[in-house]
S.K.: 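Sharing a structure with you now.
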Amino acid sequence: MNLQFDAEVESFRSEVRDFVRDNLPGDIRARVAAERMEMPRDAQQRWHKALHSKGWAVHEWPAAYGGQDWSDAKSYVFEREIALADAPRPMTFGVGMLGPTLIEFGTDDQKERFLPSIANGDHLWCQGFSEPNAGSDLASLQCKAVLDGDIYVINGSKTWTTDGHVSDWMFGLFRTDSSGKKQHGITVLLIPMDAPGVTMTPILTFEGTHEVNQVFFDNVRVPVIDRLGDHDTGWGIAKYMLGLERFGTAEVSRSMASMKRLKNLATTTEVGGRALIHDPVFMTKIARTDMELRALELTEQRFLFQPGGADAMGAEASMLKIRGTEIQNQIYELMVDALGYDAHMVVDEDAVNGAPGDAGHATRAYFNMRKTAIYSGSNEIQKGIIAKMVLDL
Amino acid sequence: MNLQFDAEVESFRSEVRDFVRDNLPGDIRARVAAERMEMPRDAQQRWHKALHSKGWAVHEWPAAYGGQDWSDAKSYVFEREIALADAPRPMTFGVGMLGPTLIEFGTDDQKERFLPSIANGDHLWCQGFSEPNAGSDLASLQCKAVLDGDIYVINGSKTWTTDGHVSDWMFGLFRTDSSGKKQHGITVLLIPMDAPGVTMTPILTFEGTHEVNQVFFDNVRVPVIDRLGDHDTGWGIAKYMLGLERFGTAEVSRSMASMKRLKNLATTTEVGGRALIHDPVFMTKIARTDMELRALELTEQRFLFQPGGADAMGAEASMLKIRGTEIQNQIYELMVDALGYDAHMVVDEDAVNGAPGDAGHATRAYFNMRKTAIYSGSNEIQKGIIAKMVLDL
Amino acid sequence: MDFSLSEEQTLFRDTVARFLSDSLPFDKRQAIVDTHPGYSADHWHTLAELGILGLPFSENTGGLGGSAFDTMVVMDQMGRALLTGPYVSTVLLSGAVLDRVGADGVEDIIGGARKVAFAYAERGAGYNLNDISLTANKNGDDYVLSGKKIAVLHADTADDLIILARTSGAQRDQEGLSLFMVPAGADGLSMTAYALQDGNRGADITFDGVRAKVLGDVDNAFGLVEEVADQASSALCAEASGIMWAIYDLTLEYIKTRSQFGTALGSFQALQHRMVDMYMMCQMAESMTYEAALAFDHDDPDARRRSVSAAKSLIGAYGRKVGQEGIQLHGGIGMTLEYSIGHYFKRLTMIDATFGDSAWHDARYARLMLTS
Amino acid sequence: MDFSLSEEQTLFRDTVARFLSDSLPFDKRQAIVDTHPGYSADHWHTLAELGILGLPFSENTGGLGGSAFDTMVVMDQMGRALLTGPYVSTVLLSGAVLDRVGADGVEDIIGGARKVAFAYAERGAGYNLNDISLTANKNGDDYVLSGKKIAVLHADTADDLIILARTSGAQRDQEGLSLFMVPAGADGLSMTAYALQDGNRGADITFDGVRAKVLGDVDNAFGLVEEVADQASSALCAEASGIMWAIYDLTLEYIKTRSQFGTALGSFQALQHRMVDMYMMCQMAESMTYEAALAFDHDDPDARRRSVSAAKSLIGAYGRKVGQEGIQLHGGIGMTLEYSIGHYFKRLTMIDATFGDSAWHDARYARLMLTS
């Protein structure tokens, strides 16, 4: 039993810390530190390219494709340090999901055409999975692609498409056969967002942020060479992609950064002549949340660094997602409580610090982050997974 | 809209208050005030007879049978005042359940034989409903009564029989036909507890209190004249009896009395040089519980005094039971917290005040009262009732 | 004991409900909220015509002499319709202040011609109404105000402002507070207006030597302001209760009609039990709106404070939970701007953060327990 | 980073588990608990033979030199078996004190021949170890003790008592505390022993001029006592975690096998989700036992306090919830003396109320946040 990282990992931690300090643009750091929801395309690319210059942008990919072959410990520490330094999240869809999937299932031609621009940050990708009437029942998707010679013709719609409006390409699941079980007859296609017939409507979340979109396909033509994997058997690829999210769904590092800001806010917010941090009732709430975050961190470590490592994780990931999103939401809730009358104001889009302390956009974040308990399989779905897989109920 | 009781009811309140002050024996009051679980037969009877001398022991019965024909408001105030004065609960089974049922369904002979000794407190009754394998599914009962001429012969067992060991008679549900739907073939019989073939095993609750029993029937012979209602159609009577519990399941009055003791305990318990009542975190918990109790009280009043009165109450009673037992348990939990190291001790059976303040037996009460969320239809069953009857789900 | 509405109350409820459902269907609301001043002038005039603007005022000022229960009935409906606008700031706060100090102008408020905003909050004061740094110094017959106020509701469309200021004593004394009135465009007054999360409008205001007239007794305003704030809190409780029921209704309807994995969501037992929890919280919250209104039936200020704090605290806590659960049970659609539930949730959140959140009222209630 | 048990730890765990499952099946436990002294002398001797009584002590006193993690592994098993007896009081508290001050007698504890109880708590002190009124006055080479202690674990079967007493300073000073030892039958000492809710035994003890020998430095005992209490708390966290898993296992098994309305309870989705909540709390609690053990790997006392408080607080809160839910999901059978779950719940409740409940540790943790 040894709950420390070894010296090599700790020295790597310092290297990451130094790199981020020297290379993360100040305006980007300030956006993250203010708990802002939007991260413009340009900012995402600038940070990605900074990482790319160090060889870290696609560190999880195999070394042959520009990755780093890091140990789980190094990947873990890397993710921790960039979050604590208020760096933006990595590009989930292209780097985290499509890259590894292309490497596993793609043709040589596809790897050559797509991987370099993902790695260097030139192209942003979005995910076309969810549909208007499917909810958490992903496999019930209906958006149709009909094979016509060597061209798929797509008609229908995808929704909750995060970053669709700033993306160059989409990887999506389409219905190519509806005669059998719903898991059969699904095909993965790669579609340029500027293809004729692709249109988009923004879906604003209720606090006014534009992150997601509904995407419509009107006779959109996709050549067979842009099909990932085989015709009708895309469900296996979809499951593979979703399984890639095991790491970091608990959002421990991001929550640690938010917790730091919450403490800062409680320290700098005076109420009735004393800082909030001296209010025993409020501090008890912060203390409890801090403890829960530590419990989550240790639980994630226990799961990740068990024999077999992250690959041995099954339904444990569901628990991390549930508790992680709950604790994350608790932190934002406490920020709103700390802000008091300052929570009412809609902070100007461009203001980085609209209220005392950091976390000027905390109210908006509090509203927006309710989504985390809903997306990627709602927390109710995750409980069902645990009940079935772990509890055998 | 008028949220006050009228002057007549308020003057009646004073009358009750005066009566209890002058007539509740001190040793009995002290037992209740110490949150003791046991109320010996003798103490139950002494208090009952005191009420009987005033004509109040069976106030809910029709006037023709010695009752009072009080308005809902008066009954409500009566129950409140005796609880606040630390008087024992009324005898549920004989007075609250069997009496009204006999009056509704009994023969003249049964009324004559049974009602007077219930009214004057000479005979205590217990309820034989639950069975070892039935749980909340009451109608699945198996304990058999076979009609042999004009005698029912009972074989089988009943469990969770509260006060069985201090009772003279039992009213019970027995299986007289198992060929049809489970609600059919149930018969209500009245059985003297000293009948040949009746034996009993105490069931101690986990903190060591003897309240409930398992009762065994070995060829117990009950004459047909002691059958309540008709053969095989006892389910309707059972439902009638359970419906009588509408009033007071929220335990608001008892919880108000416990809350008073909790505040007293927090006032008299010094921790680190200050009374607990000056600990902002602890007092916040008491404050919240106090507010919730007030919300429950008002909710009960809204339901009881709606047009149609208590009789209009349906699934609302389920809500009162759920929230009432939750709040009650919260109060005991806070008492245990207040007691600190004093919560560890098993307070001597006869000690009335074993710890500072009242509430010496609070730890035991905390353990024991977990039952309230389980019995009379578990809180989960109650949620199911609300989901079906109110929410139409 | 009788919880049923009087004939008059029923009439009011139905009138307001009909007006709001006709004139403020949810699909028209966002356009109103997005356009300055964040509410409809037509609606305001109709509220005047219906007598709603005069509801709480005594009959000799032209009002209807309504009780806290009457206001409760109306606010519940405003909550369900998510009505924005200066009803709280002009009628329940400023109007109440003017009425109590016997100042002119209540008639104009009742008629809808005049709007007044009430500036009380200061940064660093939390929800404490006694923590006032903005000073008023006597100068001839008038006073001169200097300092800052934040979160002044609907100040940008107000004709006048009422200001809570310090005339003597230390920053957090209850004594030494006084009320003043100035025209919204007074010299030395500068205002930064902004949108609020719930669709209303607020402003931060700097007073740099603004000449002002005193309202009522000098140095003695705290008690009056606290009572007016408690009355507004009581009304906000009713608004929140209406919102909670609206969330409950929406969510129940949604899980009954929405299918997933081939089954209606409402047939999943785990969701049923959570829906029952929401139902129970709505019932408890509704009961507490009576508690908060009942507070004004008796004269003991501590009893009033206790009742209002109990209601505001519990409704704050339950409202938060009901809002969060309502969104969660809706899933993705509940997160969108075009669906109403998020807007209900935002308004509930802001109501909690007005005149004391749950924690602030817990603390006030706990302090009062020590003295009772 | 590696959370797996060492070969030695696995051996210990399995040895203790086998011994307890063989010798303390639940159906024999109640008879042991009901008979004075509330635990089995045979079990105590076996624990000595297995080396468990010497686990935490350094090898040069005859112990095994085990770490906090080793104790964690053993306590987890003791929790699952609901073992009563003086392991905490004699080994983890008194033995640790004697070991640290270099006093004689640790060997006898390791061998099982000697039991020592530790008297620290006083009425009115809550869980504060510095709030000590019992005085020790110097008299020749010895001291004379006067005052009262409460809740002294297993004092009635102890050979000796260690007492935390005040030698100087005011009642709540951290300075001025010293440790003393007296034989259990010393003149002037009177003891009222009683059963505890969890089957252990406690005593209130009055010291009326009892002659005592000092242990370690005079006036300087607080730091040592606090550290020893933190170590015992860390061990209690592991015991509680074992109990929580036992409750989880029992409950899961029960809802899988028990039918109601013709269906296994475990097929009701609302119960499934609550079972998942219990599972998650058990996992989080187990993680915090590592946190509490980890606390003794570094030398910073504040870091140690923070870790122990975080673990004790969360495990107290989760343990309460898991115990309550476990009983509720069992229904009636869970309420009975003859079924184990109520006993697990009682022990969890008492662990929470030892060395600081959740609220006390929340407060300590919050204070430490201010200084970090």
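Values below: every heavy atom of this structure, side chains too, minus hydrogens, waters and symmetry copies. Just so it is clear: chains get the letters A, B, ... in the order the sequence lines come, proteins before strands, and each one is counted from 1.
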S.K.: Please check if the number of heavy atoms outside A:Lys182 that lie under 6.0 Å from its NZ is greater than 12.
M.R.: yes
S.K.: Could you have a look at C:Gly323, C:Gly356, C:Gly124 and say which one has the most heavy-atom pairs with chain A under 4.5 angstrom?
M.R.: C:Gly124
S.K.: Quick one: which of C:Asn200, C:Thr349, C:Leu265, C:Asp352 has the most heavy-atom pairs under 4.5 Å with chain A, could you say?
M.R.: C:Thr349
S.K.: Just so I understand: if I count every heavy-atom pair under 4.5 Å between each of A:Lys371, A:Glu207, A:Glu333, A:Lys285 and chain C, which residue has the most?
M.R.: A:Glu333
S.K.: Measuring heavy-atom distances to chain A, does C:Gln324 have an atom under 4.5 Å in its side chain, in its backbone, in both, or in neither?
M.R.: both
S.K.: Given the options C:Arg201, C:Arg172, C:Gln328, C:Glu122, which has more heavy-atom pairs under 4.5 Å with chain A than any of the others?
M.R.: C:Gln328
S.K.: Which region of A:Thr205, side chain (C-beta onward) or backbone (N, CA, C, O), has a non-hydrogen atom less than 4.5 Å from a non-hydrogen atom of chain C, or is it both or neither?
M.R.: both
S.K.: Is the NZ atom of C:Lys321 crowded by more than 12 outside heavy atoms at less than 6.0 Å?
M.R.: no
S.K.: If you define the side chain from C-beta out and look only at heavy atoms, does anything of C:Gln260 sit under 4.5 Å from A:Glu380?
M.R.: no
S.K.: Under 3.5 Å, side chain of C:Lys346 to main-chain N/O of A:Phe367, donor-acceptor pair present?
M.R.: no
S.K.: Hey, could you give me the CG/OG1 distance between C:Asp198 and A:Thr363, rounded to the nearest 0.5 Å?
M.R.: 11.0 Å
S.K.: Considering only heavy atoms, which portion of C:Arg274 lies under 4.5 Å from any heavy atom of chain A: side chain, backbone, both, or neither?
M.R.: side chain
S.K.: On a heavy-atom basis, which atom in A:Gly340 and which in C:Ala353 lie closest, and how many Å separate them?
M.R.: O-CB, 4.1 Å
S.K.: So what's closer than 4.5 Å to chain C heavy atoms on A:Ile381: side chain, backbone, both or neither?
M.R.: side chain
S.K.: Report which part of A:Ile203 has an atom under 4.5 Å of a heavy atom belonging to chain C: side chain, backbone, both, or neither.
M.R.: side chain
S.K.: Below 4.5 Å, heavy atoms only, C-beta onward: do A:Val281 and C:Asp362 meet side chain to side chain?
M.R.: no
S.K.: I'd like to know which of C:Asn130, C:Leu271, C:Ile333, C:Thr354 tops the heavy-atom pair count under 4.5 Å against chain A.
M.R.: C:Thr354
S.K.: State, yes or no, whether a side-chain contact exists between A:Arg370 and C:Met335 at a heavy-atom distance under 4.5 Å.
M.R.: yes
S.K.: Which of the residues C:Gly331, C:Ala151, C:Ser358 is involved in the greatest number of heavy-atom pairs with chain A at under 4.5 angstrom?
M.R.: C:Gly331
S.K.: When you measure from the side chain of A:Tyr341 to the backbone of C:Phe355, do you find a donor-acceptor pair of N or O atoms at a distance under 3.5 Å?
M.R.: yes
S.K.: Counting N and O atoms only, with roles assigned by atom type, does the side chain of C:Gln197 sit under 3.5 Å from a partner on the main chain of A:Met345, one being a donor and the other an acceptor?
M.R.: yes
S.K.: Could you tell me which of A:Gly384, A:Gly273, A:Ser378 has the largest number of non-hydrogen atom pairs under 4.5 Å with chain C?
M.R.: A:Gly273
S.K.: With side chains defined as the heavy atoms from C-beta onward, is the minimum distance between C:Thr336 and A:Val212 less than 4.5 Å?
M.R.: no
S.K.: Looking at chain A, which one of C:Gly262, C:Ala121, C:Ala270, C:Gly332 has the largest number of heavy-atom pairs inside 4.5 Å, strictly under?
M.R.: C:Gly332
S.K.: Run the side-chain contact (heavy atoms from CB on, under 4.5 Å) test on C:Arg320 and A:Asp337 for me, step by step, so that the C-alpha distance in whole Å, both residues' side-chain angles and the decisive distance to 0.1 Å come before the verdict.
M.R.: CA-CA 12 Å; C:Arg320 177 174 296 194; A:Asp337 288 341; 2.7 Å; yes
S.K.: Is there side-chain contact between C:Ile150 and A:His344, with at least one heavy-atom pair below 4.5 Å?
M.R.: no
S.K.: Which answer fits A:Phe282, side chain, backbone, both or neither, if we ask what part of it has an atom under 4.5 Å from a heavy atom of chain C?
M.R.: neither
S.K.: Distance-only check: which donor-acceptor pairs under 3.5 Å involve side-chain atoms of residues 338-345 of chain C, not counting sequence neighbours?
M.R.:
| unit_1 | atom_1 | unit_2 | atom_2 | d |
| --- | --- | --- | --- | --- |
| C:Tyr339 | OH | C:His330 | NE2 | 2.8 |
| C:His343 | NE2 | C:Leu337 | O | 2.7 |
| C:Tyr344 | OH | C:Arg80 | O | 2.4 |

